[in-house]
Every structure is written in structure tokens, then in C-alpha cells.
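What follows is a short report on a single structure.
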Amino acid sequence: MAQTVRVALPRPVRQLFDYRVPEGMDLVPGQRIRVPLGRQRLTALVVELDPPELPNVTLKDVESPLEDWPVLPDQTRELLLWASRYYQHPPGECVFAALPPALRRGAPAELPAPEYWYPATAHTDDLSAQARRQRELLQWLIRYPGQTISTIRSAGFNRSLLKALHERDLVRMATGEDINETAAPWPPAPGVSLNDAQHEVLSSIEQNTDAFQPHLLFGITGSGKTEVYIRHLQQRLVDDPEPESAQALVLVPEISLTPQTLARFEQHFGSRMAVWHSALNATERLQTWSRVRRGEPLILIGTRSAVLLPFSRLITVVVDEEHDSSYKQMEGFRYSARDLAIYRARQSGCPVILGSATPSLESLHNAGEGRFRLHRLTERAGSAGLPETRLIDVRSRPLEGGLSRPLIDQIETTIKAEEQVLLFINRRGFSPVVMCFECGTPIECPHCDARLTYHRFDNCLRCHHCGHQQALPRKCPECGEEALNAVGQGTEKTETVLQQRFPDTPVLRIDRDSTRRRGQLDEMLKPVREGQPCILVGTQMLAKGHDFPAVTLAGILDADGGLFSSDFRGPEHLAQLVMQVGGRSGRAAKTGRVLIQTCQSGHPMLNELCQGDYLSVAWKLLDERKAADLPPATFMTAFRVEGPSMEDSLTVLDELADKVAATAPDIPVLGPFPAIIARKAGRYRAQILLQHQQRPPLHRLTNQLCQYLEQKRLPASLRWSVDVDPQSLD
DNA sequence: AGCACGCCGACT
DNA sequence: GTCGGCGTGCTC
Ligand SMILES: [Zn+2]
Ligand SMILES: [Zn+2]
């Protein structure tokens with residue numbers, strides 16, 4: 001029996017706390033306990049028994065255990081503590097992020113098992129002709145057995161219909177404990193049929209499934225990655241000696257976890273499927289969490305935070321659209337669900353499949369280094385041919401709302417043919433580079449060959465490499481014309497210009513705000529689905545997850561913003577956008593066209609992109625990153641500060657930069673610089689970037705700086721944060 | 001994050 | 001005199 005315990009507390013402090021265990025109390029790691037802290041009483045989670053003694057600290061007593069079993073299994077707890085160290089986030093916040101809010105507050109973890117409903121008959125003949133809704137519900141349950149009351153409700157039925165069927169003994173209920181017998185279909189439903197390429201990939205993955213092995217599945221849009229995932233999951237279940245305790249995790253981006261996606265998996269795995277996403281209510285969250293914790297043999301499909309669920313025995317992990325930015329948490333505990341998924345697979349000694357039509361350079365780098373195995377699916381099922389992708393050179397062309405004459409003409413032709421148009425603009429603060437629209441030259445730093453970044457905040461150009469700062473020149477240093485302008489300007493007017501030019505065609509602006517509420521986006525996209533001619537204007541986000549079969553023309557208004565972005569991932573994201581757009585438009589009989597506006601029509605990457613070969617473009621971009629010592633060839637950490645004035649924010653970061661220069665002179669510091677969107681909600685934001693070839697020294701330095709900042713206690717008006725492996729540098 | 005302690009201004 | 005503002009510091 002332990003004398004003392006080390007615990008995580010739900011407090012934003014980068015440390016753990018120790019307590020004395022009273023006589024006769026038996027504690028295990030992962031258990032929740034009640035402890036005193038100062039004058040408060042808190043729910044804590046045990047992370048270590050009998051830790052090394054702390055000098056000069058008198059320990060307080062543990063008050064009481066909340067249950068006599070660990071709410072977090074060993075593997076999940078280890079994952080969270082590792083992530084806490086890796087991402088330099090307070091351990092208590094990481095650990096408690098993995099508990100449903102009710103359990104964080106200390107609610108009992110014993111839960112009534114959820115109730116699952118099954119048909120008690122194979123047909124609907126016994127129902128009277130009048131009972132139309134009951135019949136529909138019964139038919140639905142026959143097709144999708146094993147539903148809970150909440151899934152029944154979300155399918156549009158209600159409790160009284162269910163009760164009526166129950167009274168006639170046409171349906172029956174089972175609790176979680178019986179799930180193994182009732183889990184349908186088992187053995188798995190007849191497999192999806194695979195083509196030769198899919199078979200080859202599958203058998204190559206199956207060669208070595210008893211050990212940890214990451215697989216990168218490069219599959220162009222429409223090549224059937226999902227079928228491979230499904231067959232792989234079936235195979236893993238069939239091969240497992242104990243399928244009744246086997247769990248699997250499928251991560252998907254926020255936007256693509258639709259009822260259709262779920263239905264597709266349910267077709268094959270029935271009630272083994274469970275869902276996890278941000279729209280679940282507290283009860284659903286707690287129930288699903290508990291099912292996972294109880295070790296039910298689930299295949300869990302979910303978004304980012306699903307990777308933190310308390311799985312006890314994972315037999316495989318899938319990360320779909322692995323390049324998707326929504327896998328990285330952008331505030332608080334800034335973890336990458338993709339990277340944690342790989343860590344989990346390593347813990348579980350199982351395979352992990354990362355799939356994408358446009359793999360991240362991080363994953364390609366891992367494949368290139370032999371850490372991931374690369375598989376390809378390059379055949380597009382179905383009839384639609386590859387889209388035709390062309391560049392429009394907009395040098396010395398007048399732009400109207402960011403639109404060139406040739407693009408407007410093409411839009412007109414498309415609308416007249418009763419087809420749809422998709423236009424991509426860059427998001428706010430995306431392209432802070434100043435370029436000459438006469439000769440296409442971006443303004444470069446006089447001291448290095450880096451491009452200067454335009455900061456609207458003070459109307460200055462800065463070099464993020466050497467710190468050089470200058471005013472905006474009047475004339476182009478290259479050709480002398482007064483044609484300098486920030487790239488991507490005028491896109492606020494795109495919508496208005498289009499509306500004036502095409503008054504009879506709906507122009508739909510889709511942005512972050514319009515997706516905020518679920519369903520609202522669906523409503524807006526109604527004319528799109530119905531296939532009536534319309535023009536959609538939106539950011540990169542539009543290219544994710546949605547298929548637009550009636551769209552035959554896609555336009556990228558400002559490729560230069562991506563090419564010359566201050567974020568070194570700009571070109572990668574541009575290449576992904578072009579491929580995703582091409583893959584999603586013109587699915588049906590019509591072949592789509594993609595038009596890219598640029599001042600760099602001779603740019604090798606853009607031209608190669610038009611050939612549709614993502615991998616070959618991506619390998620070249622990766623070489624450029626290596627040559628420039630940028631991730632994934634090196635490692636990066638960002639420190640950000642926000643405060644009531646830019647001066648205050650920069651001062652803190654200056655101090656931090658000095659500290660780096662003093663303690664780790666071999667680690668280069670970029671910045672401090674005002675953030676591209678320098679002012680947000682009346683607060684001024686700035687950042688520095690630290691970079692190094694090796695992770696351990698950078699990690700040590702990051703850790704020192706965090707400790708320094710934490711014990712320094714900045715005034716409450718200043719807030720700082722650290723971002724390990726930052727994914728967006730704006 | 002809480003929550004106390006502490007040290008100055010305007011209220012009964 | 002003392003109620004209460006929130007700046008600073010600590011929590012095993
Ligand atoms: Zn420079
Ligand atoms: Zn010029």
C-alpha cells in the first residue's frame with residue numbers, strides 16, 4: 001500500500017502535487033481522489049504511487065477516494081502525461097481534458113449502461129397499415145439494429161413510437177453488458193469488394209499487423225481509401241483472438257463526420273460503431289466515454305479529441321485526411337491528434353493508417369525516412385476524368401474585386417451553361433506579402449534573400465529572418481512601376497462585384513461564421529445540392545469534405561498569397577487546395593476545370609501542379625524545406641504573448657529572445673514580430689519562433705522558458721502561450 | 001484557476 | 001473607522 005501519491009490537479013500550473021495516504025486507504029494510479037488544496041477541496045487524479053520525497057514540503061492527507069478503480073487506464077494516463085511534457089502544457093489540464101466534464105467535477109463514474117434497441121422480428125407484417133411511423137422506425141431498426149434512444153431521436157423518431165413497438169413485442173432492449181452477443185453484424189458483413197490496387201495496399205498493410213507500424217496511404221480523391229479502411233478493420237477483427245474486447249479508433253476531420261460517413265461504417269459494423277464529436281451533449285459524451293472505458297468492443301469514429309478517450313485495447317488506428325489542420329488543437333492543450341494517434345498505436349503495438357489525397361510534408365518526410373510505409377492508390381474509380389487545371393497570368397491585368405477578365409468570362413460561360421462556380425479567396429491575414437503587379441516580383445529583404453512580410457498593423461515591411469524593417473516603397477525596385485500592392489487585396493469586394501456582374505445568379509459567401517452553426521451551412525448549400533447555377537465564394541475550408549458534383553469551374557483567385565505566404569506552409573497548403581478542389585468538382589459526367597490566378601505563370605511548382613501530380617510537387621517542396629532548414633527537417637516552437645499594447649507584448653518576447661541568446665546561443669530565434677492579425681479583440685499579439693535540427697535541445701530550452709515565464713508572473717493583463725510544432729504561424 | 005492577503009480610496 | 005477595489009503570490 002502506498003504511503004504517498006503524486007496527483008494531477010485541474011489547475012493551470014506546470015507541476016504535480018504530492019499527498020500523504022492515510023492508514024488503510026488503498027490507491028492506484030488513474031484513480032480520482034478528493035484532496036485539500038489551500039482552503040479548497042478538489043478532485044484530483046493519481047498519477048504515481050510513492051513518488052520520490054519532496055524536500056521542505058509537509059504533505060497534506062488525501063481526503064477520500066472517489067471510486068476504487070482507475071477512471072483512466074494506464075495507457076491513456078501515460079499518453080496524457082507524455083503529451084503534457086511534449087507540448088509543455090500543465091499536466092492537470094491535460095489529464096482532465098480527457099475526462100467528461102461531469103467526471104472532472106467529481107460526479108460518480110458508475111453509470112447506468114446505455115440501452116440498445118433491436119428489432120424482435122425480421123419483417124413489419126404484424127403492424128397495422130395505419131401505423132406508418134412505427135413501421136418506418138421498425139424498418140430502420142431492422143436495417144440498423146442496436147440504436148440508443150438518442151440515435152433514434154436524431155434519426156427523426158421519438159420515444160412514444162418506440163414504446164408502442166415495445167408493447168407489441170416487436171422490439172427488444174439490451175444493455176451494454178449484452179453487447180457482445182447482440183453486436184450486429186458479427187461476423188462482419190460481407191466485405192466490400194476491392195479493386196486490384198486496393199487489394200494490393202490491403203495485403204501490404206496486413207503483412208505485419210502484430211506490431212506498431214505507421215502506414216501512409218496516399219490515395220487520390222475517389223480512389224477508395226474508405227473501402228481499404230473498412231476492409232482493414234474487418235480483417236483486424238477477424239484475426240483477433242478476442243474480438244469481444246477489441247477496440248479500434250478512426251479519426252476524421254471535424255467537417256467530414258457526417259451521418260453519411262457514419263452510415264457507411266455502420267453498414268459493415270452495425271452497433272460496434274460509436275461516434276465522438278464536439279456536438280455531443282453531456283449525456284451522450286458521458287455514455288460514449290463510459291462505453292469506451294468499460295472496454296466495449298467498439299469501433300470509435302471521431303474528431304480530434306477522440307484520441308484522448310480511455311481505450312483499453314486498440315487493435316488498429318486510422319487517421320483519415322491526415323493533413324487536415326483541424327487535428328491540431330489551436331488553443332490551450334495544443335496537441336496534434338494525428339501525432340497522438342501514432343503514439344497510441346505505438347503503445348498498443350498496432351498499425352496506424354494515415355490516409356490522404358494530399359499528405360502533409362511531415363508524413364511524407366516520415367515515409368521518406370523509412371519510419372512510415374508509403375502505399376499508393378492512384379486509380380480513380382468512376383467515370384469522371386481528371387480536371388483540367390490552368391494558370392491565368394494576371395500580371396499587368398486590371399483586377400475587379402480580385403477577378404481577372406478571363407476568369408469573369410469563364411464564370412459567365414459556366415453560368416450560362418446552367419452550371420456552378422466555386423471561387424477560393426485567402427482568409428484574412430493570409431498573404432502579407434507586397435508584390436509588383438506589373439512584373440510579378442515580391443519585395444525582398446536587402447540583407448537576406450527572404451521576402452519581406454507586410455504588417456498592416458504599422459504599415460511596415462519586416463524581414464522575419466534578420467529583423468530588417470522598412471517603410472513601404474512607392475516604386476517597384478525591379479521595374480520601377482508604381483504597381484506595388486499587398487497580394488490578395490480586394491477580395492472583400494469579390495462578392496459585390498460578382499453580384500453586380502451576375503445579378504440573376506445567387507452568390508453565396510461561405511466562411512467561418514456561416515459554418516459556426518451546424519445546419520446553417522447545409523441550408524446555404526441547398527441551391528448547390530439542387531444543382532441550380534450559383535457562385536460560391538469561400539476560403540480553403542470550402543474544399544474540405546464537401547463534394548460539388550454540379551460545380552464545373554473552380555477558381556483560385558490568388559495563388560501568389562500561398563506561394564509567398566509568411567507561413568512557410570503556404571505553398572504546401574496551396575498545392576493541397578488545388579488538388580482537393582480538382583478532386584471534388586465535376587464528379588459526374590462533366591469534367592471540371594480549375595483556373596488559378598497568379599503573377600507567376602512561369603513558376604515550376606504551379607505548372608507541375610497543373611499536371612495533377614501531387615506527390616511529385618510535394619517531394620520537391622519537401623526538398624525546399626530541407627534546404628531552408630524548415631520543418632519537417634527541423635523542429636519548431638512558438639511563444640506568443642498578447643497584451644493591452646504591442647510594446648508590452650514585444651518587450652516580454654524580447655526578454656525571452658535574450659534569454660535564448662544567453663542560454664542556448666546555437667538555437668536561432670525568429671522575431672519577435674507582431675502577429676499578422678496583430679490586434680484581436682482589442683489585444684495586441686506578437687510571437688517568436690525557435691528552431692533546431694534536433695528535438696531534445698529545443699525541448700529542453702522550451703521547458704526552461706516555460707518555467708521562467710511561469711515563475712516570473714507577468715502582470716495579469718499579459719498572457720503568454722507556447723505552441724510546440726505550431727501548425728499555423730499567423 | 002481559485003482564493004487569501006494586503007494596502008489605498010470613499011462610504012456609514 | 002471599515003467596506004471593497006483588484007494587484008501579487010501560493011497552492012503538495
Ligand atoms: Zn533579412
Ligand atoms: Zn515591378
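In the text below, chain A, chain B and the rest are named by the order of the sequence lines, each starting its count at 1.
- Across residues 84-100 of chain A, not one residue has a non-hydrogen atom less than 4.0 Å from an atom of DNA chain B.
- A:R344 and A:L308 get closest at one heavy-atom pair: NH1-C, 3.9 Å.
- Counting heavy-atom neighbours within 6.0 Å of A:E53 CD, excluding the residue itself, gives a total of 12 or less.
- With DNA chain B read from its 5' end, the first of the two nearest nucleotides for A:R39 and A:R719 is the one closest to A:R719.
- Both tests hold for A:K659 against A:Y708: distance to the six-membered ring centre under 6.0 Å, angle to the ring axis within 45°.
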For nucleotides 6-12 of chain C, which of its nitrogen or oxygen atoms have a protein nitrogen or oxygen under 3.5 Å away, and what is each distance?
residue, atom, partner, partner atom, Å
C:dT11, O3', A:G38, N, 3.2
C:dC12, OP1, A:Y19, OH, 3.4
C:dC12, OP1, A:P36, O, 3.4
C:dC12, OP2, A:K60, NZ, 2.5
C:dC12, O3', A:D18, O, 2.5
C:dC12, O3', A:K60, N, 2.9
C:dC12, O2, A:D18, N, 2.9
C:dC12, N4, A:Q15, OE1, 3.3

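- The shortest heavy-atom contact between A:R371 and A:P214 is O-CD, 3.6 Å.
- Close placement of the A:H464 and A:H455 rings is indicated, their centers lying within 6.0 Å of each other.
- With hydrogens and angles ignored, the 3.5 Å screen pairs a side-chain donor or acceptor of A:Q75 with a backbone N or O of A:Q347.
- Across A:F333, A:F96, A:W82, a single residue satisfies ring-ring contact (aromatic ring centres under 6.0 Å, His included) together with A:H89, and that is A:F333.
- Residues A:Y86 and A:D725 have side chains that bring a donor and an acceptor to within less than 3.5 angstrom of each other.
- Protein atom CZ of A:F333 is 18 Å distant from nucleotide atom C1' of B:dA1, rounded to whole Å.
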